[in-house]
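Below is one structure; the comments refer to it alone.
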Amino acid sequence: MTTASVTTASIATRTLTVRYFAAAKAAAGTPEETVTVPAGATVADAVDALRAGHGPELHRVLDRCSFLLDEVAVRDRSAVLGDAVALDVLPPFAGG
């Protein structure tokens, strides 16, 4: 008789620095924070993690925000974070 050994594989995660600007900064109550997401996560996954850590005011702001991933505009929230280290949260700005 053989005995199978079960091992628990650890889930790889990564830490992303999130920087908030203008109304997003006010709604989050901080200019910057870190969020931990699974390896292979998307921008949408990171946004969901932000929602989980904050109240409804930030939820509303995030719906209208655009994002920069390592200072490059993200047009598709299903974009994989890859090796990015920073996610900037930019609410709509007035003026110019």
Side-chain angles (χ1 to χ4, degrees):
M1 179 193 306
T2 56
T3 305
S5 156
V6 177
T7 59
T8 304
S10 61
I11 298 174
T13 60
R14 55 185 328 283
T15 301
L16 190 66
T17 299
V18 179
R19 298 181 294 205
Y20 297 103
F21 295 87
K25 180 178 169 181
T30 185
E32 184 176 291
E33 67 180 316
T34 58
V35 63
T36 301
V37 294
T42 64
V43 172
D45 295 329
V47 171
D48 288 344
L50 298 175
R51 289 180 196 277
H54 294 276
E57 186 175 344
L58 183 61
H59 293 210
R60 286 188 297 275
V61 172
L62 288 172
D63 288 339
R64 298 185 312 269
C65 286
S66 58
F67 302 92
L68 300 178
L69 197 53
D70 282 349
E71 300 182 8
V72 176
V74 174
R75 306 253 182 254
D76 181 1
R77 290 188 185 196
S78 66
V80 176
L81 296 171
D83 293 330
V85 296
L87 179 69
D88 294 336
V89 181
L90 307 168
F93 292 92

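- With sequence neighbours left out, Arg14 forms a salt bridge (Lys or Arg N to Asp or Glu O under 4.0 Å) with no residue at all.
- Annotation for Ala24 and Pro91: closest pair N-CG, 3.7 Å, computed over non-hydrogen atoms.
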Review point. Could you go step by step and tell me if Leu50 and Glu33 meet the side-chain contact (heavy atoms from CB on, under 4.5 Å) rule?
Key: CA-CA 10 Å; Leu50 298 175; Glu33 67 180 316; 4.0 Å; yes

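- One distance of note links CG of Leu62 with CG of Asp48; it measures 9.5 Å at 0.5 Å rounding.
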Point to revise | Test side-chain contact (heavy atoms from CB on, under 4.5 Å) applied to Thr17 and Leu87, step by step | key: CA-CA 6 Å; Thr17 299; Leu87 179 69; over 6 Å; no

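- More than 12 non-hydrogen atoms from other residues, nucleotides or ligands lie less than 6.0 angstrom from CG of Asp63.
- Between Thr13 and Thr36, the shortest heavy-atom contact is CB-CG2, 3.6 Å.
- Considering CD of Glu32 and NZ of Lys25, their distance stands at 10.5 Å, rounded to 0.5 Å.
- Rounding to the nearest 0.5 Å gives a distance of 13.0 Å between CZ of Arg19 and OG1 of Thr30.
- Between the CZ atom in Phe21 and the OG atom in Ser66 there is a gap of 10.5 Å [rounded to 0.5 Å].
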Exercise for review: Show your working on side-chain contact (heavy atoms from CB on, under 4.5 Å) between Tyr20 and Val61 and close with a plain yes or no.
Suggested key: CA-CA 11 Å; Tyr20 297 103; Val61 172; over 6 Å; no

Practice item. I would like to know whether Val89 and Phe67 meet side-chain contact (heavy atoms from CB on, under 4.5 Å); could you show each step before the answer? Key: CA-CA 5 Å; Val89 181; Phe67 302 92; 3.9 Å; yes

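- Closest approach of Leu16 and Ala84 over heavy atoms only: CD1-O, 3.6 Å.
- Contact between Val80 and Gly40 at its shortest, heavy atoms only, is CG1-O, 4.0 Å.
- Remark: of the listed residues Thr15, Leu69, Asp70, Asp70 is the sole one forming a side-chain contact (heavy atoms from CB on, under 4.5 Å) with Val85.
- Checking side-chain atoms of Arg51 against main-chain N and O of His59 turns up a donor-acceptor pair under 3.5 Å.
- The structure places CG of Asp45 at 12.0 Å from CZ of Arg77, a figure rounded to the nearest 0.5 Å.
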